[in-house]
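Positions are given from 1 along the sequence.
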Amino acid sequence: MTRVTRASQPPAAQPPAGCPAHQGAASPPEVTPLHGPDFAADPHAVYRRLRRYGPVAPVELAPGVRAHLVTDYRAALDVLRSPEAFAKDARRWRALADGRVAPDNPVVPMMAYRPNCLFTDGEAHRRLRQAVTDSLARIDPNALRGYVERSADVLVDRFTTAGEADLLGDYAKVLPLLVFNQLFGCPPALGDRLVEGMSGIFDGVDAERANALITSTLTELIALKRRQPGADVTSWLMAHPAGLTDEEMIHQLVVLMGAGTEPQQNLIAGALRLLLCDDRFAGDLAGGTMPVDDALDEVLWLDPPMANYGVHYPTADLDFAGVRLRAGEPVVVSFAAANTDPALRPEHHSGQRTGNRAHLAWSAGPHHCPAKDPARLIASAAVERLLDRLPDMELAVPADRLVWRPGPFHRALTALPVRFPPQPVPVPASASAPAYGSAPASASAPAYGSAPASALATAFASAPASAVGPRTGPAGAFRHPGGDPARTAPTAPVPARTPAPTPETFGDRRWNVPPAPSRSTPPAGTSTARPPASGPTARRSPWSSLGAWWRGR
């Protein structure tokens, strides 16, 4: 274990000038920038240089924003598993509090405090985190996979006749948004508005309007679930014994959507890139197999979607791994560098890392990703479904011409262009299948959808209902596409590995895993009692982080 020592004495005196035994020791170490195209093009070369400083190295996250980057696997675990020494609450960030870092610095949105389970410690973190983990644990993986595949079909149908596509913008970027609409229990009109708002934030198009649209939509969604709870994450969060307020609900939904969109799309795109251009995987595809799980493991080891994050702040001055860290100075964990630490066992570095899940892509300790299982399932189903539909895809440009977005935190492509033999869109078995969301709403239901429809919503309006997923029926009933055979028709054969969708209605608990009886949870509750997931441990739009992140800042 890396030795962590709290500082009890002032720093050692500077060595005498000109002393041969201390030649160069008085010079501060060079600070390495983690921003710009050079870092984006080859971050692993930068990590190799940083290891010369030892387990911890000085870096610059953005102009004027200094931090220490942890590149050593064991040291990373020490930081992630020591909440008493390294806190997550960004209100401890001294440079921001003192004004040495401007509030409009591009990395501030990703690092500044917000009252959610990602930026809290101790009992506050434990309470919020338990509500999130309990709610996510109720998701039925079979139902989730079925919805991912139906959503994937809708997106593929949009470009299958063209013979070419950008798998990032046309597929990997949009699919997680559709999945989250389902998980949050959004009726079609609200779901369309969330997709429109998120697209605006990510694309930087009229971000202020997009932010207002997202805020108002989540407010309406929470109000709707207060009146009509359903079998969805929003309702489960709301009914959890933690007793979240509406404001706390919004912040937890924000962090879930933020963590489940950008990183998710980068995981999907990264796996597709490997499967299409890496001989270790492309050869298997040509032979008729789909090593999707192997490709996901490789991405999570070498190029995790969140390459450098896990920002922590020392709670007091301390000596760590031979470096003196000051209280309130950002300490960033490089998941990518730690995963490729040369000190790891040889099997971590040789060939495909089949079945090896000891990487830190999901972080570790009290703040490890609570959604890693559904996130991996979504990525796996998305990749497999795309390869099922378009097995003859190939990159439209040489692999070495793919461009990576600059930024200190993520590992993300700017585009993933492919070409393939054009294919006709599958014809629904029933030409009379209703359009998505076409059923009349209840006269007593609130009027949603006053905002302009997004481009994606327009495409969905012409898609068969069976390909899209839940829809609104009379009296606000939330209908599963498999629930009414007379009104739905499959757009494409479902592979044998996909369980048939389970019919459900709004509020039906078959969508989630039924909770086991618990003394601490009343029978009417929607959450299973679980042990705590963690141990003791300038106003800004919560969505601005997503916009800055997406635009490569």
*Test item: Leu190 and Arg193 side chains (from C-beta on) under 4.5 Å apart, heavy atoms*: yes

*Does any non-hydrogen side-chain atom of Arg226 lie less than 4.5 Å from one of Asp246?*
yes

*Assess whether side chain to side chain donor-acceptor pair (under 3.5 Å) is satisfied between Tyr147 and Asn181, documenting all intermediate values.*
CA-CA 11 Å; Tyr147 184 75; Asn181 280 348; over 6 Å; no

*asked:* Does the plane of the ring in Trp93 sit parallel, tilted or perpendicular to the ring in Tyr313? Use 30° and 60° as the thresholds.
replied: tilted

_Interatomic spacing from CG in Leu96 to CG in Asn105 - rounded to 0.5 Å_ = 9.0 Å

*asked:* Working note: Arg74 + Asp72, criterion salt bridge (charged side-chain N to carboxylate O under 4.0 Å, His left out); need CA distance, chi angles, decisive distance, verdict.
replied: CA-CA 6 Å; Arg74 291 185 179 277; Asp72 177 271; over 6 Å; no

*asked:* Looking at every heavy atom in both Val101 and Gly64, which two are closest together, and how far apart are they?
replied: CG2-O, 3.9 Å

*Step by step, work out the salt bridge (charged side-chain N to carboxylate O under 4.0 Å, His left out) result for Arg145 and Glu384.*
CA-CA 11 Å; Arg145 174 176 282 275; Glu384 289 177 3; 3.3 Å; yes

_Pair Tyr47-Asp341, side-chain donor/acceptor within less than 3.5 Å_ = no

*asked:* So which atom in Asp121 and which in Asp89 form the shortest heavy-atom distance, rounded to 0.1 Å?
replied: OD2-N, 3.0 Å

*Are the aromatic rings of His368 and Trp362 close, with centres under 6.0 Å apart?*
no

*Find the distance between CE (Met249) and CD (Glu247) and round it off to the nearest 0.5 Å.*
12.5 Å

_Steps toward salt bridge (charged side-chain N to carboxylate O under 4.0 Å, His left out) verdict (Glu262, Arg405)_ = CA-CA 12 Å; Glu262 165 82 7; Arg405 285 199 345 249; 2.8 Å; yes

*Which atoms form the tightest heavy-atom contact between Leu118 and Lys88, and what is the distance?*
O-CE, 3.2 Å

*With distance as the sole criterion, is a donor-acceptor pair present between the side chains of His240 and Asp134 under 3.5 Å?*
yes

